[in-house]
Amino acid sequence: MASVCGSSTSRYEKIPSTSIRVLRSVESVRRWRRPHLLDHRSVGFVPTMGALHEGHLSLIRTAARENHHVVVSIYVNPAQFGVKEDLASYPVTWEEDSAKLAKLDRELADDGENLGRISAVFMPATADMYPSGFPGQEVDSKGSFVTITPVGEVLEGASRPTFFRGVATVCMKLFNIVQPERVYFGQKDVQQTVVIKSLVRDFMLPIEVVVGSTQRAADGLALSSRNVYLGERRRGVATVLNRALKAAEAAYMEGAQDRETVLGAAKKVAVDVLNEQTALAPEKRVKFEIDYISLADPMTMEELTVVDPAKGGILSGAVRMLPVEAPQEGEDLGHSGGPLVRLIDNIILQPS
């Protein structure tokens with residue numbers, strides 16, 4: 001557990017055996033931030049919802065190389081979950097997260113190439129983040145929101161209509177609280193990075209958005225906090241989306257530029273894997289549904305008919321890994337008993 005340390009004039013909570021402060025209120029962040037602002041010490045900010053993995057840690061490493069101080073937020077934002085989504089079962093892993101941050105901070109301290117280290121973790125309560133009261137998760141909820149359209153209405157926004165409203169709203173709040181010079185997001189959530197860049201540009205925020213490459217397991221599965229839900233059986237099939245996107249990328253690299261050919265290669269992989277699984281007995285197979293596979297403009301996320309090689313494109317998709325059909329005694333079903341898991345991934349088609 002985090003401890004409280006201090007002198008006769010100040011007390012603050014910190015992760016044990018580290019100098020990392022644990023800040024739980026907006027005012028505590030502002031008190032911490034003010035002297036660094038006056039001293040012209042830069043702050044890099046890595047927003048997370050906890051359940052930290054190597055993707056998060058890689059962003060923190062990059063932030064430490066480029067800033068005097070790094071702030072990590074851990075806040076499961078209810079506004080970006082739909083009414084029927086997995087908010088209640090979302091993994092809360094503060095003990096593990098704090099241990100990972102402590103270990104990483106020791107690593108950063110030993111690396112002379114870094115400008116800074118992890119200075120603080122911000123862990124607010126929903127009552128602080130939504131001072132007028134949480135407005136709800138319905139599409140027609142009333143409240144103070146930030147909406148970024150039309151990019152927030154397609155793909156993930158079409159499947160999860162309140163998601164990007166929640167993301168943009170909480171990020172605007174976090175940016176205003178922390179006042180970082182730079183913010184760090186992972187490429188895995190590619191549409192989110194486009195939304196955040198639009199937010200920063202359109203509202204004239206004095207912030208640089210830095211996008212880190214997607215971190216993957218050895219088999220190609222993009223690292224995600226939701227992977228803990230998969231269990232062993234579904235984990236072995238969850239690479240289907242990455243395999244499909246890589247097939248589409250290969251078609252593009254071989255010269256295809258039209259939508260039908262590029263996405264046709266991806267859809268063939270998905271269909272082949274689904275047929276393989278359907279042929280298995282219920283106690284062995286894995287059922288999944290492809291939510292979408294997209295070939296989109298890198299600036300607007302609008303669907304492309306033909307890829308302009310000078311601009312490139314974004315291949316992205318989402319897959320719904322359905323609960324295990326016939327669980328076996330003692331089988332590892334994953335966190336919270338293995339509920340439906342929706343995974344996303346993408347590949348950037350670089351301009352030529």
Side-chain angles (χ1 to χ4, degrees), residues 51-59 86 90-91 155-156 159-160 186-193 212-254 256 261-296 313-328 331-350:
L52 302 181
H53 52 67
E54 182 57 35
H56 298 116
L57 303 185
S58 70
L59 295 177
D86 57 351
Y90 196 86
L155 300 176
E156 289 297 295
S159 296
R160 307 172 68 192
Q187 185 66 55
K188 181 183 77 69
D189 301 293
V190 64
Q191 190 175 0
Q192 176 174 271
T193 68
S213 60
T214 301
Q215 300 297 301
R216 300 183 181 277
D219 61 1
L221 184 67
L223 298 186
S224 168
S225 300
R226 286 187 167 86
N227 290 353
V228 299
Y229 293 123
L230 289 171
E232 184 176 357
R233 193 195 310 190
R234 292 191 298 172
R235 178 63 179 74
V237 181
T239 57
V240 59
L241 180 57
N242 179 246
R243 291 160 58 191
L245 295 177
K246 289 183 72 172
E249 179 189 34
Y252 175 74
M253 297 299 291
E254 291 169 2
T261 302
V262 173
L263 292 189
K267 292 174 182 176
K268 183 180 186 305
V269 170
V271 169
D272 287 348
V273 174
L274 184 59
N275 288 339
E276 291 171 2
Q277 291 299 315
T278 302
L280 297 176
E283 61 271 16
K284 293 184 178 180
R285 67 185 172 209
V286 173
K287 289 187 174 182
F288 64 88
E289 300 170 350
I290 297 294
D291 194 341
Y292 66 84
I293 298 179
S294 164
L295 175 61
I314 296 176
L315 287 165
S316 66
V319 60
R320 294 158 50 92
M321 305 299 298
L322 303 181
V324 167
E325 184 178 2
Q328 301 300 291
E331 183 176 4
D332 170 22
L333 298 177
H335 181 75
S336 292
L340 182 149
V341 187
R342 188 174 180 278
L343 303 177
I344 62 174
D345 202 351
N346 68 87
I347 293 175
I348 307 298
L349 301 180
Q350 300 292 344

How close do [X] and [Y] get, heavy atom to heavy atom, and via which atoms?
{"X": "Ala296", "Y": "Ser294", "result": "CB-OG, 3.6 Å"}
{"X": "Ala244", "Y": "Ile293", "result": "CB-CD1, 4.4 Å"}
{"X": "Ala256", "Y": "Thr261", "result": "CB-CG2, 3.6 Å"}
{"X": "Thr214", "Y": "Ala222", "result": "CG2-CB, 3.8 Å"}

Working to the nearest 0.5 angstrom, can you tell me the gap between [X] [atom1] and [Y] [atom2]?
{"X": "Leu230", "Y": "Ser224", "atom1": "CG", "atom2": "OG", "answer": "8.5 Å"}
{"X": "Tyr292", "Y": "Leu241", "atom1": "OH", "atom2": "CG", "answer": "8.5 Å"}
{"X": "Glu249", "Y": "Ile347", "atom1": "CD", "atom2": "CD1", "answer": "4.5 Å"}
{"X": "Ile348", "Y": "Leu245", "atom1": "CD1", "atom2": "CG", "answer": "10.5 Å"}

* Minimum side-chain heavy-atom gap Leu221-Asn242 below 4.5 Å ->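 Leu221 does not reach Asn242 side chain to side chain.
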Which side-chain N or O atoms in residues 266-275 pair as donor and acceptor under 3.5 Å with protein atoms at least two apart or in another chain?
from: Lys268; atom 1: NZ; to: Asp272; atom 2: OD2; distance (Å): 2.8
from: Asn275; atom 1: ND2; to: Val271; atom 2: O; distance (Å): 3.3

* Asked: Given the rule in the side-chain contact (heavy atoms from CB on, under 4.5 Å) test, do Glu156 and Asp189 qualify, once you have shown the distances and angles that lead to the verdict?
  -> CA-CA 10 Å; Glu156 289 297 295; Asp189 301 293; over 6 Å; no
* Asked: Looking at Glu283, Glu331, Gln328, which one forms a side chain to side chain donor-acceptor pair (under 3.5 Å) with Arg233?
  ->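 That would be Glu331.
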* Where do Leu349 and Leu295 land on the side-chain contact (heavy atoms from CB on, under 4.5 Å) test, with the steps shown first? -> CA-CA 9 Å; Leu349 301 180; Leu295 175 61; 3.8 Å; yes
Where the side chain of [X] meets the backbone of [Y], is there a donor-acceptor pair that is under 3.5 Å apart?
{"X": "Arg234", "Y": "Tyr229", "result": "yes"}
{"X": "Arg285", "Y": "Leu280", "result": "yes"}
{"X": "Ser225", "Y": "Ala51", "result": "yes"}

* **side-chain hydrogen bond (donor to acceptor under 3.5 Å, both in side chains) against Asp291, all qualifying residues, sequence neighbours excluded** =>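 So Asp291 forms a side-chain hydrogen bond (donor to acceptor under 3.5 Å, both in side chains) with Ser159, Arg342.
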* Go through the steps to decide whether Leu343 and Asn227 satisfy the test side-chain contact (heavy atoms from CB on, under 4.5 Å), and finish with yes or no. => CA-CA 8 Å; Leu343 303 177; Asn227 290 353; 3.6 Å; yes
* Is the number of heavy atoms from other residues, nucleotides or ligands within 6.0 Å of CD (Glu325) greater than 12? ->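 Check passes, neighbour count above 12.
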* Does the salt bridge (Lys or Arg N to Asp or Glu O under 4.0 Å) test come out yes or no for Asp345 and Arg216, once each step is laid out? -> CA-CA 10 Å; Asp345 202 351; Arg216 300 183 181 277; 2.8 Å; yes
Let me check something: any side-chain donor-acceptor pairs from residues 314-321 under 3.5 Å, sequence neighbours excluded? List them with distances.
from: Arg320; atom 1: NE; to: Glu289; atom 2: OE1; distance (Å): 3.1

* Stepwise, does the side-chain contact (heavy atoms from CB on, under 4.5 Å) test hold for Asn346 with Gln191? -> CA-CA 9 Å; Asn346 68 87; Gln191 190 175 0; over 6 Å; no
